[in-house]
2 protein chains.
Amino acid sequence: MERNLSLNLHVLTARLDRAADRILRAEHGISYSRFLALTLVGELGASTQRTLADYLGVTEPSVSRMTGVLAADGLLDVQPDPAGGNRRRLSLTDEGKRRVASIRQEFEDRLAAVVAESGVPYAEYAEHTARLLTTFDRLEREAGK
Amino acid sequence: MERNLSLNLHVLTARLDRAADRILRAEHGISYSRFLALTLVGELGASTQRTLADYLGVTEPSVSRMTGVLAADGLLDVQPDPAGGNRRRLSLTDEGKRRVASIRQEFEDRLAAVVAESGVPYAEYAEHTARLLTTFDRLEREAGK
DNA sequence: GGCGCTAACTTAGCAAGCTAACTTAGCCAG
DNA sequence: CTGGCTAAGTTAGCTTGCTAAGTTAGCGCC
């Protein structure tokens with residue numbers, strides 16, 4: 001097996017995630033996973049654990065544990081949904097908002113710098129990646145998952 | 001935050017890995033991680049744990065544990081390197097070879113089908129991904145990490 | 001020939017993903 | 001109005017990443 005696409009994607013992403021995690025822990029005292037969760041709640045409006053799991057691409061138990069930790073750390077507010085159902089309403093605490101705001105732009109700039117350095121056209125690569133994700137989601141849904 | 005590149009890469013890869021893992025477990029009784037390790041030993045000639053860790057993009061302790069499990073399962077042969085040093089010589093057992101051979105082509109075909117379905121040009125995307133990986137590796141090495 | 005150096009590997013413990021199975025809440029059909 | 005269904009969330013236990021720290025083997029220099 002030469003180093004094919006699936007392996008390269010796997011390794012590239014693993015390294016990006018690990019680097020992101022190292023930087024965030026060292027400079028901001030938070031893991032990459034938790035940062036992503038807070039960001040999605042704050043800026044994409046992930047308002048229930050189910051929705052957040054979909055946005056992150058992980059399962060409900062994973063989110064369940066993480067929201068517990070984030071709530072205990074005082075970054076996330078988790079409340080029963082007043083509209084009823086068994087849902088939780090997620091929102092950032094003031095401390096959570098402060099954290100996310102202080103990190104986001106600087107962090108994204110660092111990734112863009114790597115892409116620029118590589119000579120890969122950012123917009124095109126981003127669009128291809130987005131398209132693969134959309135297609136893969138659709139195929140999985142059609143397959144009944 | 002819109003769904004930017006780093007998040008899309010993270011989620012796309014997580015889903016590909018999970019799908020690969022599900023398929024391999026259900027149809028072949030092996031995890032994706034272990035399949036990758038066996039494949040790299042068998043076909044790229046990863047002959048020590050250090051080399052295998054580099055190919056996989058993970059750390060030595062992770063490989064150390066995995067080679068132990070694979071050896072216990074009778075798929076991998078782990079021996080002290082007769083050439084001396086503290087190295088281990090890795091090689092597939094007959095059972096390990098049989099396993100890898102029966103899986104590889106069918107599995108790669110499935111991924112190629114997803115890419116084709118999405119309309120993303122495979123060769124170009126693969127090349128961009130490879131280039132990003134190379135650049136990122138270089139930047140990390142230069143940074144002293 | 002022993003001291004320190006480096007490289008490869010192991011051990012221990014933590015983080016965060018997963019699946020399986022369970023609980024809780026609302027909804028609807030008889 | 002109850003018994004079953006579905007959706008959301010939780011709990012338990014496994015896998016496989018990680019870092020930090022320790023071990024083992026050869027190598028070089030005095």
Side-chain angles (χ1 to χ4, degrees), chain A residues 10-26 29-38 46-73 76 78-90 145, chain B residues 10-11 13-26 29-38 46-73 76 78-90 140 145:
Chain A
H10 176 90
V11 172
L12 172 63
T13 301
R15 290 189 181 170
L16 286 175
D17 286 353
R18 239 175 288 151
D21 199 60
R22 255 197 320 269
I23 291 169
L24 286 177
R25 280 176 198 276
I30 191 172
S31 74
Y32 183 51
S33 296
R34 292 179 192 181
F35 166 71
L36 282 180
L38 291 178
S47 53
T48 67
Q49 296 190 171
R50 177 64 258 164
T51 308
L52 180 53
D54 284 341
Y55 283 168
L56 284 172
V58 305
T59 60
E60 285 172 301
S62 301
V63 167
S64 179
R65 176 173 41 186
M66 193 152 58
T67 54
V69 174
L70 289 172
D73 285 354
L76 188 67
V78 181
Q79 296 293 334
D81 189 335
N86 195 27
R87 296 190 188 82
R88 309 286 178 271
R89 273 204 148 283
L90 305 179
K145 195 353 204 351
Chain B
H10 176 90
V11 172
T13 301
R15 291 191 181 168
L16 286 175
D17 286 353
R18 238 177 291 150
D21 200 60
R22 254 195 325 266
I23 291 169
L24 286 176
R25 280 176 199 277
I30 191 172
S31 73
Y32 183 49
S33 296
R34 292 178 192 180
F35 166 71
L36 282 179
L38 290 178
S47 53
T48 68
Q49 296 189 171
R50 176 64 257 165
T51 309
L52 180 53
D54 285 341
Y55 283 168
L56 285 172
V58 303
T59 59
E60 285 172 301
S62 300
V63 167
S64 178
R65 178 171 39 188
M66 193 153 57
T67 53
V69 174
L70 289 171
D73 285 355
L76 187 68
V78 181
Q79 296 293 333
D81 189 334
N86 195 26
R87 297 192 187 81
R88 308 287 176 270
R89 275 205 148 282
L90 305 179
E140 286 220 308
K145 180 6 216 349

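Letters A, B, ... are given to chains in the order of the sequence lines, protein chains preceding strands, and every chain is numbered from 1.
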What residues, two or more places apart in sequence or in another chain, satisfy side chain to side chain donor-acceptor pair (under 3.5 Å) together with [X]?
{"X": "A/Ser33", "result": "none"}
{"X": "B/Ser62", "result": "B/Thr59"}
{"X": "A/Thr51", "result": "A/Thr48"}
{"X": "A/Thr67", "result": "A/Gln49"}

Take the protein atom [atom1] of [X] and the nucleotide atom [atom2] of [N], then report the distance between them rounded to whole Å.
{"X": "B/Tyr32", "N": "D/dG17", "atom1": "OH", "atom2": "C1'", "result": "15 Å"}
{"X": "B/Asp21", "N": "D/dT16", "atom1": "CG", "atom2": "C1'", "result": "10 Å"}
{"X": "A/Asp81", "N": "C/dG26", "atom1": "CG", "atom2": "C1'", "result": "12 Å"}
{"X": "B/Arg25", "N": "C/dC18", "atom1": "CZ", "atom2": "P", "result": "12 Å"}
{"X": "B/Leu36", "N": "D/dG17", "atom1": "CG", "atom2": "C1'", "result": "14 Å"}
{"X": "B/Arg87", "N": "C/dT6", "atom1": "CZ", "atom2": "P", "result": "16 Å"}
{"X": "B/Arg50", "N": "C/dT10", "atom1": "CZ", "atom2": "C1'", "result": "14 Å"}
{"X": "B/Arg88", "N": "C/dA7", "atom1": "CZ", "atom2": "C1'", "result": "12 Å"}

Q.
Assuming nearest nucleotide by heavy-atom distance, tell me which of A/Val58 and B/Thr48 is located more 5' along DNA chain C.
A.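 It is B/Thr48 whose nearest nucleotide is closer to the 5' end.
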ask   = Measuring from B/Leu24:CG to B/Tyr32:OH, what's the distance to the nearest 0.5 Å?
value =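 It comes to 8.0 Å.
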Checking [X] now: which residues fulfil salt bridge (charged side-chain N to carboxylate O under 4.0 Å, His left out) with it, not counting sequence neighbours?
{"X": "A/Arg18", "value": "none"}
{"X": "A/Arg65", "value": "none"}
{"X": "A/Asp21", "value": "A/Arg25"}

Notebook entry, point to check: Given D/dT10, is OP1 or OP2 found less than 4.0 Å from the side-chain N or O atoms of A/Gln49?
Noted result: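 Yes, such a contact exists.
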C/dA16 phosphate, OP1 or OP2, under 4.0 Å from A/Arg34 side-chain N/O =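 For C/dA16, OP1/OP2 do have a side-chain N/O of A/Arg34 under 4.0 Å.
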Please name all residues satisfying side chain to side chain contact (heavy atoms under 4.5 Å, CB included) with B/Ala71, sequence neighbours left out, ordered by chain then number.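 With neighbours one apart ignored, the set is B/Val78.
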Provide the full list of salt bridge (charged side-chain N to carboxylate O under 4.0 Å, His left out) pairs with a residue in residues 79-88 of chain B, sequence neighbours left out, each pair given once.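 Residue pairs with at least one partner in residues 79-88 of chain B: B/Asp81-B/Arg89.
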Taking C-beta and beyond as the side chain, do A/Leu36 and B/His10 meet within less than 4.5 Å on heavy atoms?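 Touching, per the 4.5 Å side-chain cut-off.
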Provide a list of protein-nucleic acid N or O atom pairs under 3.5 angstrom, restricted to nucleotides 25-27 of chain D.
unit_1: D/dG26; atom_1: OP1; unit_2: B/Gly85; atom_2: N; d: 3.3

### Contact residues, residues 59-67 of chain A to DNA chain C [heavy atom, < 4.0 Å]
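Contacting residues: A/Thr59, A/Pro61, A/Ser62, A/Arg65.
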_Report for the helix from C/dG1-D/dC30 to C/dG30-D/dC1: angle between first-end and last-end helix axes, five pairs each, rounded to 10 degrees._
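So the angle between the two local helix axes works out to 10°.
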